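Below is one structure, written out as C-alpha cells, with a few remarks after it.
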Amino acid sequence: MCAREVLRFFEELQSWVSDAVRGYDAPLGHVRRVCAVDAAYGDDVMAGAAVVWSVGERRVLEGRTYLCEPPFPYVPGLLFLREAPALFAAVELLSSSWDVLLVDAHGRAHPREAGMATFLGAALRKPTVGIAKKLLAGVAGEFTDSMAPIILNNKTVGYAVKPRSGKSYYISPGYGVRLEDVPALVAVFNYEYPEPLREADKLARSTLT
DNA sequence: GCGACAG
DNA sequence: ATCTTGTCGC
Ligand SMILES: [Mg+2]
C-alpha cells in the first residue's frame with residue numbers, strides 16, 4: 001500500500017538474491033567483446049543505452065537505445081528499479097554477441113550485496129560486473145598495485161582501482177563472475193576507466209538531444 | 001537522533 | 001542523474 005512497504009519488500013528481495021546468485025558464478029573466459037550500459041534522463045523520459053565493444057579493435061561494434069518514462073524514482077540502494085528495465089531492453093535489441101556486461105552501478109559492493117549489476121545479470125543470465133564512480137557501501141582497504149579490496153561485512157566484495165591518470169573507480173561482481181576474475185578484467189582495460197562505459201554514456205545522452 | 005546515500 | 005562556460009591544472 002504505502003511506499004515504505006514497497007521499499008522494504010524490494011530490499012528483502014535483494015537480500016535473498018545476493019545469496020541465490022552465488023551458485024551461478026563461473027570462470028570468466030577470454031574477453032573479446034564487452035557490452036556496456038548506461039542511462040540518461042530528460043524531461044519525463046529516460047534513455048537506456050547498450051554498446052558492444054571490441055577489445056582487440058578498440059571500437060564500438062554496435063549501439064542500441066531504448067526510451068521510456070522513468071518507472072521509479074531514484075532511491076539509494078534501489079537503483080535497479082529505476083534503470084534496469086530500460087537497460088535490459090536496450091541490451092535485448094543488440095544483435096552482436098558479447099562476453100561480459102559492464103554496468104554503470106555496483107554489483108556485490110552494495111548494502112545488501114545485490115546491486116543493479118546483479119539484477120541485470122540475473123535477468124539476462126549473462127556475466128556482469130558493476131563499475132561505479134563512488135562507493136555506496138563498504139570501505140576501500142590498502143592499495144597494492146593500483147588496486148585495493150572493498151571490504152563489506154568482513155569480506156572482500158570488489159576492488160577500488162586507481163588508474164594511471166584520472167579518478168578511481170569501484171568494480172565488483174554482479175552475476176556469474178567470480179571475485180578472483182575481476183583483476184584480469186581490470187587488466188583488459190589497462191586499469192583505466194572502461195572506454196565502452198564512456199561510449200554507453202555518450203550514446204545515452206546524445207539520444208535525448 | 002544525525003549523517004550518508006550507485007545513478 | 002541534471003542544471004552549465006570558462007577556466008584551473010596535469
Ligand atoms: Mg550513468
Side-chain angles (χ1 to χ4, degrees), chain A residues 3-4 6-8 10-11 13-15 17-18 21 35-51 65-91 101-123 128-140 146 148-153 157-175 177 182 186 191-194 196-209:
Chain A
R4 185 70 244 185
V6 172
L7 303 188
R8 287 188 52 243
F10 284 115
E11 289 169 353
L13 200 52
Q14 291 180 313
S15 295
V17 168
S18 68
V21 298
C35 182
V37 291
D38 192 18
Y41 300 81
D43 296 311
D44 296 306
V45 61
M46 72 179 288
V51 302
T65 59
Y66 182 84
L67 280 68
C68 64
E69 196 170 288
F72 209 82
Y74 168 65
V75 178
L78 291 174
L79 177 65
F80 82 105
L81 292 175
R82 181 176 175 75
E83 303 194 336
L87 300 181
F88 176 79
V91 170
L101 172 65
L102 274 39
V103 185
D104 181 26
H106 283 296
R108 206 173 293 167
H110 175 279
R112 288 165 293 283
E113 299 182 36
M116 181 163 75
T118 303
F119 279 78
L120 270 176
T128 66
V129 295
I131 295 184
K133 307 168 197 63
K134 299 185 296 185
L135 274 181
L136 172 64
V139 295
S146 307
I150 295 174
I151 308 300
L152 176 62
N153 299 324
V157 296
Y159 296 96
V161 183
K162 283 292 184 192
R164 313 196 107 219
S165 89
K167 205 169 149 307
S168 61
Y169 61 92
Y170 307 88
I171 177 169
S172 61
Y175 171 91
V177 175
V182 170
V186 170
Y191 297 82
E192 293 297 307
Y193 183 77
L197 275 174
R198 290 212 163 82
E199 291 297 330
D201 173 78
K202 186 190 308 178
L203 175 59
R205 68 175 96 194
S206 66
T207 300
L208 298 174
T209 307

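Note that the structure is a prediction, hence the values are computed from the model and not measured. Protein chains get the first letters and strands the later ones, always in sequence-line order, with residue 1 at the start of each.
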Reading DNA chain B from 5' to 3', where do the contacts with chain A start and stop? Cut-off is 4.0 Å to heavy atoms.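 Extent of the interface on DNA chain B: B:dC5 to B:dG7.
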
For A:Gly130, answer base if it contacts any base atom (sugar-phosphate contacts may also be present), sugar-phosphate if it contacts only those atoms, and nothing otherwise; contact means non-hydrogen atoms under 4.0 Å. nothing

Remember a base hit wins even if backbone is also touched, and classify A:Leu78 as base, sugar-phosphate or nothing at under 4.0 Å, heavy atoms. base

Terminal contacting nucleotides, 5' and 3', DNA chain C versus chain A (heavy atom, 4.0 Å):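 Using the under 4.0 Å cut-off, the span is C:dA1 to C:dT2.
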
Between A:Asp104 and A:Lys133, does any side-chain N to carboxylate O distance fall below 4.0 Å? yes

Between A:Glu11 and A:Arg8, does at least one N-O distance fall below 4.0 Å, as a salt bridge requires? no

Within residues 40-51 of chain A, residues whose heavy atoms come under 4.0 Å of DNA chain C: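 Those residues are A:Ala40, A:Tyr41.
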
Name every residue in residues 166-173 of chain A that has at least one heavy atom under 4.0 Å from any atom of DNA chain B, in order of residue number, or write none if there are no such residues. none

Please map the stems of DNA chain C, keeping only stretches of three or more Watson-Crick or G-U wobble pairs with both distances under 3.5 angstrom. none

Stepwise, does the side chain to side chain contact (heavy atoms under 4.5 Å, CB included) test hold for A:Val17 with A:Phe119? CA-CA 8 Å; A:Val17 168; A:Phe119 279 78; 3.9 Å; yes

Under the side chain to side chain contact (heavy atoms under 4.5 Å, CB included) rule, what do A:Val186 and A:Tyr169 come out as? Steps first, then yes or no, please. CA-CA 11 Å; A:Val186 170; A:Tyr169 61 92; 3.8 Å; yes

Stem list, DNA chain B (Watson-Crick or G-U pairing under 3.5 Å, at least 3 consecutive pairs): none

Side-chain touch A:Leu81/A:Phe10, heavy atoms, less than 4.5 angstrom: yes

At what distance, to the nearest 0.5 angstrom, does CD of A:Gln14 lie from CD of A:Glu113? 11.5 Å

For A:Tyr66, I'd like to know if atom OH has over 12 heavy atoms of other residues, nucleotides or ligands within 6.0 Å.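 Atom OH in A:Tyr66 is not packed in, count stays at 12 or less.
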
